[in-house]
Amino acid sequence: MDGKRRPGPGPGVPPKRARGGLWDDDDAPRPSQFEEDLALMEEMEAEHRLQEQEEEELQSVLEGVPPSAIDPRWLRPTPPALDPQTEPLIFQQLEIDHYVGPAQPVPGGPPPSRGSVPVLRAFGVTDEGFSVCCHIHGFAPYFYTPAPPGFGPEHMGDLQRELNLAISRDNRGGKELTGPAVLAVELCSRESECSPGISGLGGPLGRPLGEPRRAGRQWGQPWGDGRCSLPAVLGVRGRSQAPASSCLTGIFPEPERDPVIQICSLGLRWGEPEPFLRLALTLRPCAPILGAKVQSYEKEEDLLQAWSTFIRIMDPDVITGYNIQNFDLPYLISRAQTLKVQTFPFLGRVAGLRSNIRDSSFQSKQTGRRDTKVVSMVGRVQMDMLQVLLREYKLRSYTLNAVSFHFLGEQKEDVQHSIITDLQNGNDQTRRRLAVYCLKDAYLPLRLLERLMVLVNAVEMARVTGVPLSYLLSRGQQVKVVSQLLRQAMHEGLLMPVVKSEGGEDYTGATVIEPLKGYYDVPIATLDFSSLYPSIMMAHNLCYTTLLRPGTAHKLGLTEDQFIRTPTGDEFVKTSVRKGLLPQILENLLSARKRAKAELAKETDPLRRQVLDGRQLALKVSANSVYGFTGAQVGKLPCLEISQSVTGFGRQMIEKTKQLVESKYTVENGYSTSAKVVYGDTDSVMCRFGVSSVAEAMALGREAADWVSGHFPSPIRLEFEKVYFPYLLISKKRYAGLLFSSRPDAHDRMDCKGLEAVRRDNCPLVANLVTASLRRLLIDRCVGSRICSLCIWHLPALNILPVALCLSACLCVSVSSSRSPCLLVSFCLTLTLSASIWGSRNPPRLCA
DNA sequence: AGCTTTTATCCCTTCTCTATATTGC
DNA sequence: CTGCACGAACAAAGCAATATAGAGAAGGGATAAAAGCT
Ligand SMILES: Cc1cn([C@H]2C[C@H](O)[C@@H](COP(=O)(O)OP(=O)(O)OP(=O)(O)O)O2)c(=O)[nH]c1=O
Ligand SMILES: [Mg+2]
């Protein structure tokens, strides 16, 4: 392969642009700036890069790759001609970024500045699989600032001049941007979203229009889902690709030292069951593999170069793999740098734009600190399955092997790391074995991506919350809430203020009802509010825009029925005065969750059920994060009045629910036994109605839930969720029970909350022992002295008996120093047992 | 001097407090 | 022009609860040295 060729279709000149004609008619009434911006996003002229690229690509294919290696199916279909004047171009946005490029006049927009301007660039695919790159001109970054008293139109010229002067003085934007930074200053009147709804605080606000140098770094992603009008469940017919590379190595492969010996890639069109391409690039000859294309190179430089070229030709929309983000891709780039393969690191969609490695880290209270590397690949979505799994699923092990087994029931092709070197140094058959292993490594993440419906779920989340796909893996919950807030605020012409965040004290959260600990051999019905915090915010119209500062209610002459006072003493106006933004956002999120739940109810396949459950859970977390956002004191817009009110209402509600249930279901009211709430956490109550059958408990639970719901304003709803029978209540947030919900005559499963059985910070021995004991206790109902002798014979933990015995000498020391009763009991039991089994000639059959 | 008693010291266990990990909502 | 040091800016859903390890204090028993008695 000719290593000297420039990558891709030539230097990074942005391709030609067509203009949409939306504002060609200058006489047409001008929409407000907000609507304009929105419309710009919606109706933007877009152009197909493919057509002009294809010739070049073919050229490069012919030069770089043996003609026999080119399969026309690798390339995308040729897009039909599109008349931007008449036809809309509808596509799913995959990524959006911005660059500084030559100005283009936008009809009806601000006057074109000379020189370079910031341009938004959206990448995506259409339903037919055509690749789209949309250059969005005419968007000038802007901000609002309150005008000082006495500021009038006559001062605007001065302000603009001064601003430009100040900006050119501290020359921070670099040389990319030329011409004046501030294009215009306008006066307008807007209301800040944090101010009380009808306070009339919104004075005149100055509006410098466009200050590219600073703002170029400030703006995020306006209305990120590209306003795409595809149906909710869409087919992105893109290509996913899973590279996996093997390295010759000792323990830690070092890109400065250890060569890359194979790179395997699979190509898949979304919606098709099997990859249309399996490609193994190897160093040194390799025997053919059925169903895969093998290409061998003598020089490592050529191998890397070939892969880089391949990526550009195949042009995938999505790239997946396992830990590619932190290992494979950075390794390949570093290795190429070491070998001085100059044309390698151009993996993105913009020709001539270098892919570089950047260190970044994400930290939040939930996840702790996570350090990652970022390899830039403009226009492609990187869906590293490891990152996806780390965020979405709680697993005991995240190795590809464990994960594949867990979700797919498949194991990896096992090749010991230590023999990779030997295999590579063997013959073409041993290298073939290595390639098969490598292909499997690429195949598994791809299968996971498809089976776990990662893309479908991610696209839904991106659309609902209005952020680019890549944010879902690289950013947290705040950005999603901010994006939705901005979207909603824009609809209503409100502005979001910039507030300085300072840390403060924690506020009071939810109540956990003191548990009546014990073993219950009667059915316990569980009632739970559906989406408690979101529904509180909706029911009481809690929002930044409905909050009344202390005393304002009186000042504005609001009557008592126009506002409410929350348990914390804060005041909010009712819907009749103004409907809050947050309730509307929540409506949207909850309706998305409702759709997901409806799909879940229809599904029967266990894995798909698990996936759909994950999807509805993710939407639930997003909705709860709206509440969390208002209480995030190190955040963009904290408002403790809202979050404290929410938890305050919540505390009142669980208490009231408990009272209601215990007051209605009493002997005096004609029930056989008085009901008792034995436990409850935040928004749930566990009730003992005193009935002995599950069916009766279910009936009473349903009735009680409906009756209690009537005591709260819509959309707050208490739901009957499940019955536990029997129920073992150990302490707050720690209990177990057999769960009945779908039918009264058979339990659905055993449910464990907070016990060692579900925690991941114990050794498997403890977890297995606890699980097995609970099984005996709850399912086999062995209570009393027999429990020990019965349960221990069926411990899965016994599988490790011989090992335990051998290691007991050393283990004893470390175990006995532990203070954990669980661990001690497990270990002692195991030890006793192993001794007795060791001695018996015919050990009992161990159950798996 | 030899024995007993007192006291200081060491070592061990037990308790308390804090930080961390993880889960439940 | 490049490399380095420094500061600013950016980003980060929430609280309640349990279990456990580790550090350190407190307390008790064993032991040996010191003191006291005959
Ligand atoms: C799960 C969860 C709950 N909460 C709070 C807000 C929830 O409304 C409240 C009750 O938790 P849940 O009952 O677990 O959740 P939910 O009521 O929102 O949804 P549903 O019952 O329909 O499944 O606890 C959070 O703040 N963050 C969370 O991650
Ligand atoms: Mg709930």
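This structure is a prediction, so every number in the text was calculated from the model and none was measured. Numbered from 1 within each chain, the chains take letters A, B, ... in sequence-line order.
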>> Testing the 3.5 Å rule here: is there a donor-acceptor pair between the side chains of A:Gln484 and A:Gln488?
In response: no
> Do we see a donor-acceptor contact under 3.5 Å between the side chains of A:Asn541 and A:Thr546?
Replying inline: no
Contact class for [X] (heavy atom, under 4.0 Å): base, sugar-phosphate, or nothing?
X: A:Ser643; answer: nothing
X: A:Gly509; answer: sugar-phosphate
X: A:Gln363; answer: sugar-phosphate
X: A:Tyr533; answer: nothing
X: A:Val634; answer: base

> Can you list the stems that include DNA chain C, where a stem is three or more consecutive Watson-Crick or G-U pairs with distances under 3.5 Å?
Replying inline: B:1-25 with C:14-38
> Any idea which of C:dT18, C:dA13, C:dA17 is nearest the A:Ser731 side chain?
Replying inline: C:dT18
>> If you only use heavy atoms from C-beta on, which nucleotide in C:dA16, C:dA19, C:dA13 is closest to the side chain of A:Ser625?
In response: C:dA13
>> Between A:Arg651 and A:Thr508, is the side chain to side chain donor-acceptor pair (under 3.5 Å) condition met? List the steps.
In response: CA-CA 10 Å; A:Arg651 289 193 296 273; A:Thr508 319; 4.8 Å; no
[X] [atom1] to [N] [atom2]: how many Å, rounded?
X: A:Asp506; N: C:dC15; atom1: CG; atom2: P; answer: 4 Å
X: A:Tyr544; N: C:dA13; atom1: OH; atom2: C1'; answer: 10 Å
X: A:Ile730; N: C:dA17; atom1: CD1; atom2: C1'; answer: 14 Å
X: A:Leu729; N: C:dA17; atom1: CG; atom2: C1'; answer: 14 Å
X: A:Met461; N: C:dA13; atom1: CE; atom2: P; answer: 13 Å
X: A:Lys732; N: C:dA19; atom1: NZ; atom2: P; answer: 12 Å
X: A:Ile654; N: C:dC15; atom1: CD1; atom2: C1'; answer: 14 Å
X: A:Arg358; N: C:dA11; atom1: CZ; atom2: P; answer: 12 Å

> Between A:Arg391 and A:Phe362, is NZ or CZ placed under 6.0 angstrom from the six-membered ring centre and within 45° of the ring axis?
Replying inline: yes
>> Here's one to test your reading of the geometry: is the NZ or CZ of A:Lys656 within 45 degrees of the ring axis of A:Phe712 and under 6.0 Å from its centre?
In response: yes
Taking side chain to side chain contact (heavy atoms under 4.5 Å, CB included) as the criterion, tell me which of [options] meets it with [X].
X: A:Asp528; options: A:Glu721, A:Glu719, A:Arg717; result: A:Glu721
X: A:Leu590; options: A:Pro715, A:Ser531, A:Ser622; result: A:Ser531
X: A:Ser773; options: A:Thr771, A:Leu777, A:Leu769; result: A:Leu769

>> Return a single string for nucleotides 20-25 of chain B, one symbol per nucleotide in 5' to 3' order, where B is base contact, S is sugar-phosphate-only contact and - is none, cutoff 4.0 angstrom on heavy atoms.
In response: -BBSBS
> Between A:Ser483 and A:Thr465, is a side chain to side chain donor-acceptor pair (under 3.5 Å) present by the stated rule, with each step listed?
Replying inline: CA-CA 7 Å; A:Ser483 169; A:Thr465 59; over 6 Å; no
>> Closest-nucleotide mapping onto DNA chain C: is A:Val512 or A:Lys636 further toward the 5' terminus? I mean the 5' end.
In response: A:Lys636
>> If I compare all heavy atoms of A:Asn762 with all of A:Glu756, which pair ends up nearest, and what's the gap?
In response: ND2-CG, 3.4 Å
Could you write out each protein N or O paired with an N or O of nucleotides 1-5 of chain C at a distance under 3.5 Å?
none

>> Applying side chain to side chain donor-acceptor pair (under 3.5 Å) to A:Thr372 and A:Ser360, what does each step give before you reach the verdict?
In response: CA-CA 5 Å; A:Thr372 52; A:Ser360 87; 3.1 Å; yes
> Hey, do the aromatic rings of A:His540 and A:Phe649 have their centres closer than 6.0 Å?
Replying inline: yes
